[in-house]
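Data block below; observations after.
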Amino acid sequence: MHLKNLFFSFIVFCSCWNNSLNPAVNSRYNFNTIGTLEIENIDDYPSSPGSGELILSSLTYNFLKYGYNVNVSNIDNSTISISNNPDNLLLSCIITEFTDSKMIVVPFRHEDKGYTRTVVTQEQSTELEENQNSELGQTQTSTTTTHAGKIKEGKRITYSQSRVGIMLQLKDQKSGELVWSNSYWYSGLEMQRTIESCVKSGVYQIKKLF
């Protein structure tokens, strides 16, 4: 594989890497008594209006995809039905990073200082001596070529990556006790897919609690 293509493949692989820590879990809490998850209102990231709604939509979509009953009739309090058990958990989400991809124009300047090249050649010649014997001799000649340098200036377009970071927490509704927490971030080439991949990992880990 060409070195340039290999480098590009490596960048794409890294850009699609999801990073999360091991979740913090209250090992004494009994998750088997939980019947409902209530998703609390998600505040927008300060510089991204509407980001909270996008994260909420992705959360409910992923829970639905895993087969849970999802109720979004109350826009400020979506619920996920886990079982018929009586206890509830509050699911909160804090957006820690929300950066869309951007087109960046980067100026560049390339200076070619030129070069000088000298070529030396040898030529053979025969000279006739007084005693009529032939002797072989050599003659050296050189040619020097000079190439002037040049300066190339311009602009190139590059794109930054989308990046999303979230922190998910589960709290007991009655006591307010924090029983589970984890954070996730994901970098990708397109915002919607970046959100989806980031949230999907969080929902998958929550699913394993029940």
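L64 and Y66 fall within a single hydrophobic cluster, where Ile, Leu, Val, Met, Phe, Trp and Tyr side chains are chained together by heavy-atom contacts under 4.5 Å. Connection of L178 to Y184 is not established within any shared hydrophobic cluster, with ILVMFWY side chains joined at heavy-atom distances below 4.5 Å, either directly or through further cluster members. Residues M167 and I39 fall into different hydrophobic clusters, defined by Ile, Leu, Val, Met, Phe, Trp and Tyr side chains chained together at heavy-atom separations under 4.5 Å. Hydrophobic cluster membership differs between V164 and Y61, with clusters built from Ile, Leu, Val, Met, Phe, Trp and Tyr side chains linked at under 4.5 angstrom. Transitive grouping of hydrophobic side chains (ILVMFWY, heavy atoms separated by less than 4.5 Å) brings V25 and I82 into a common cluster.
With I166 as the partner, the side-chain contact (heavy atoms from CB on, under 4.5 Å) test is satisfied by one option alone out of N182, T96, I55, L59: I55. Considering I206, V199, V203, I94 in turn, I206 is the only one that fulfils the side-chain contact (heavy atoms from CB on, under 4.5 Å) rule with L168.
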message: Does T33 form a side chain to side chain donor-acceptor pair (under 3.5 Å) with N30? I'd like the steps, not just the answer.
response: CA-CA 6 Å; T33 65; N30 185 9; 4.9 Å; no
Go through L37 and Y68 one step at a time and tell me if the side-chain contact (heavy atoms from CB on, under 4.5 Å) criterion holds. CA-CA 11 Å; L37 295 181; Y68 294 105; over 6 Å; no
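Between W185 and S183 there is no side-chain heavy-atom pair separated by less than 4.5 Å. D43 places a side-chain heavy atom less than 4.5 Å from the side chain of N41. V179 is not listed as a side-chain neighbour of L209, based on a closest heavy-atom distance of 4.5 Å or more.
Not counting sequence neighbours, E177 has no partner by the salt bridge (charged side-chain N to carboxylate O under 4.0 Å, His left out) test. Residues passing the salt bridge (charged side-chain N to carboxylate O under 4.0 Å, His left out) test with K174, sequence neighbours excluded: D87. With sequence neighbours excluded, the residues forming a ring-ring contact (aromatic ring centres under 6.0 Å, His included) with Y29 are F31, listed by chain and number. With sequence neighbours left out, N85 forms a side chain to side chain contact (heavy atoms under 4.5 Å, CB included) with S83.
Of the inter-residue distances, the one linking L56 atom CG with E40 atom CD reads 12.0 Å to the nearest 0.5 angstrom. Rounding to the nearest 0.5 angstrom, the gap separating the NZ atom in K65 from the OH atom in Y204 is 13.5 Å. Note: I34 CD1 to S81 OG = 12.5 Å, rounded to the nearest 0.5 Å. Note that CD1 of I80 and OG1 of T60 are 6.5 Å apart. Values are rounded to the nearest 0.5 Å. With rounding to the nearest 0.5 Å, the separation of CZ in F63 from OG in S58 is 10.5 Å. The distance from atom CD1 of I42 to atom CD of E53, rounded to the nearest 0.5 Å, is 10.0 Å.
S51 approaches Y45 most closely through the heavy-atom pair OG-N, 2.8 Å.
Shown here is F210, whose CZ atom has more than 12 heavy atoms of other residues, nucleotides or ligands within 6.0 Å.
Pairs engaging residues 23-32 under the salt bridge (Lys or Arg N to Asp or Glu O under 4.0 Å) rule: none recorded [sequence neighbours left out]. Sorted by first then second residue, the salt bridge (Lys or Arg N to Asp or Glu O under 4.0 Å) pairs that include residues 190-200, not counting sequence neighbours, number zero.
Judged purely by atom type and a 3.5 angstrom limit, S162 has no side-chain atom pairing as donor or acceptor with the backbone of T194. A donor-acceptor contact shorter than 3.5 Å is absent between the side chain of S48 and the backbone of D44.
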